[in-house]
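Side-chain atoms are counted along with the backbone in the values below, which use heavy atoms only and exclude waters and symmetry mates. For the single chain, residues carry numbers from 1 onward in sequence order.
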Amino acid sequence: MRVLLVEDDQVLGEALRDHVAAAGHAVDWFKRVLDAVAATDTVTYGLILLDLRLPDGDGLMLLRSLRARGDGTPVIILTAHDQISDRIEGLNSGADDYLVKPFDLNELTARMLAVSRRYSGNAAPTVKLPGIEIDQVRRKIAVNGDSQNLSAREWAVLDKLVAHPGALVSKAQLHDALYAFGAEIESNTVEVYISRLRKKIGPDRIETVRGLGYCLR
């Protein structure tokens, strides 16, 4: 998914960006509230990782702005402030989860997956379709009982399709899942990964709706 990271600490920000990107997600990293607000006006994110104390204001400004306009994008607050009152304020402002620094990066990954599953309406860690079993936590997939290995980008495309089974997912939405701001976009990237997925999960599983996008059958 496309992840917005709002964190002003350079060392922590780099570690978070690299860790989340290594899991196959596209990451846009900003250090200021105003830059993050502008990003949410431009891109539809799958999840937001939000620090609270930023150079130009409080991260809760962004969170409250999103919720006020009806944007339900999942938000996980990352902060060094561990007072109960701070947690309550963050959750009451619309946050979906709360992590106090320092935290284990693997715990962050688990919380990201849990929150995104709830947001997509599929709280179970394993998705079962006829002939296919997808373990989104352990990153394992079995097709008719046979295990298949997917690359990080193949997972990014599959996750987007699995979040909306039977529904149309546009090429632009898949680009958003694959690329962060500033990345060089290759014109046939989506087609390449769709082709690779078809070889692994079955040629008829992903339907092309010409000129519109793709659908997981």
Side-chain angles (χ1 to χ4, degrees), residues 1-121 123 156 159-160 163-164 170 172-183:
M1 58 187 160
R2 186 81 170 263
V3 176
L4 174 61
L5 169 62
V6 190
E7 170 60 61
D8 67 322
D9 183 277
Q10 184 69 28
V11 174
L12 178 58
E14 289 179 355
L16 290 170
R17 178 198 59 197
D18 294 346
H19 180 78
V20 175
H25 307 296
V27 185
D28 295 324
W29 174 26
F30 296 101
K31 300 178 182 180
R32 297 169 57 86
V33 174
L34 291 181
D35 293 334
V37 170
T40 60
D41 289 337
T42 306
V43 176
T44 299
Y45 288 99
L47 187 138
I48 298 173
L49 301 175
L50 181 63
D51 188 17
L52 293 185
R53 303 296 182 259
L54 298 162
D56 60 336
D58 194 323
L60 290 180
M61 294 167 53
L62 171 60
L63 177 57
R64 290 168 179 152
S65 173
L66 291 172
R67 298 304 185 242
R69 70 190 193 200
D71 188 328
T73 303
V75 175
I76 299 178
I77 289 177
L78 311 176
T79 182
H81 294 265
D82 60 354
Q83 296 295 319
I84 294 297
S85 58
D86 291 325
R87 299 187 196 189
I88 291 173
E89 184 179 16
L91 294 170
N92 285 344
S93 295
D96 297 271
D97 204 347
Y98 200 109
L99 264 176
V100 176
K101 302 173 185 176
F103 50 81
D104 185 272
L105 291 176
N106 290 324
E107 180 182 1
L108 173 63
T109 300
R111 287 175 181 262
M112 288 174 61
L113 289 171
V115 168
S116 63
R117 287 198 308 269
R118 292 197 301 269
Y119 179 70
S120 67
D159 282 342
K160 197 72 175 179
H164 310 281
S170 70
Q173 288 175 303
L174 293 175
H175 269 144
D176 278 349
L178 289 167
Y179 291 106
F181 282 125

Problem set entry | Interatomic distance, Leu108 atom CG to Ile76 atom CD1 [nearest 0.5 angstrom] | 6.0 Å
Exercise. Taking all atoms of both residues into account, what is the closest heavy-atom pair of Lys31 and Pro55, and its distance?
Worked result: O-CD, 3.2 Å
Problem set entry | Asp9 to Trp29 - nearest heavy-atom pair and separation | O-CZ2, 4.0 Å
For this session: Evaluate the criterion side-chain contact (heavy atoms from CB on, under 4.5 Å) for residue pair Arg17 and Glu14; output intermediate values, then yes/no.
Result: CA-CA 5 Å; Arg17 178 198 59 197; Glu14 289 179 355; 3.9 Å; yes
Seminar exercise, completed: Here the pair of heavy atoms bringing Phe30 nearest to Ala39 is CE1-CB, 3.6 Å
Problem set entry | Leu16 vs Leu105 side-chain heavy atoms within contact, under 4.5 Å | yes
Exercise. Should Met61 and Leu54 count as side-chain neighbours, where that means a heavy-atom distance under 4.5 Å?
Worked result: no
Problem set entry | Non-hydrogen side-chain atoms of His19 and Thr109 separated by less than 4.5 Å | yes
For this session: Mind checking the CG-CZ spacing from Asp41 to Arg69? Nearest 0.5 Å is all I need.
Result: 5.0 Å
Exercise. Only one of Val75, Leu5, Leu4 forms a side chain to side chain contact (heavy atoms under 4.5 Å, CB included) with Leu49, so which one is it?
Worked result: Leu5
Exercise. Between Ser93 and Arg64, what is the shortest heavy-atom contact and its length?
Worked result: OG-NE, 3.2 Å
Problem set entry | Gap between atom OG1 of Thr40 and atom CG of Leu63 - 0.5 Å precision | 11.0 Å
For this session: State, yes or no, whether a side-chain contact exists between Tyr98 and Asp96 at a heavy-atom distance under 4.5 Å.
Result: no
Problem set entry | Test item: Asp97 side-chain N/O and Arg111 main-chain N/O as donor-acceptor pair under 3.5 Å | no
For this session: Check the pair Val100 / Arg87 against side-chain contact (heavy atoms from CB on, under 4.5 Å), numbers first and verdict last.
Result: CA-CA 9 Å; Val100 176; Arg87 299 187 196 189; 3.8 Å; yes
Seminar exercise, completed: Distance col, row Leu62:CG vs Arg32:CZ, nearest 0.5 angstrom, shows 13.5 Å
For this session: Kindly compute the distance separating NE2 (His25) from CZ (Arg2), expressed to the nearest 0.5 Å.
Result: 13.5 Å
Problem set entry | side-chain contact (heavy atoms from CB on, under 4.5 Å) assessment of Leu60 paired with Ile77 | CA-CA 9 Å; Leu60 290 180; Ile77 289 177; 4.1 Å; yes
Problem set entry | side-chain contact (heavy atoms from CB on, under 4.5 Å) assessment of Asp58 paired with Val33 | CA-CA 7 Å; Asp58 194 323; Val33 174; over 6 Å; no
Exercise. How long is the gap from CG on Asp51 to CG on Asp8, to the nearest 0.5 Å?
Worked result: 5.5 Å
For this session: For Pro74 and Gly46, work out which heavy atoms get closest and say how close.
Result: CD-O, 3.3 Å
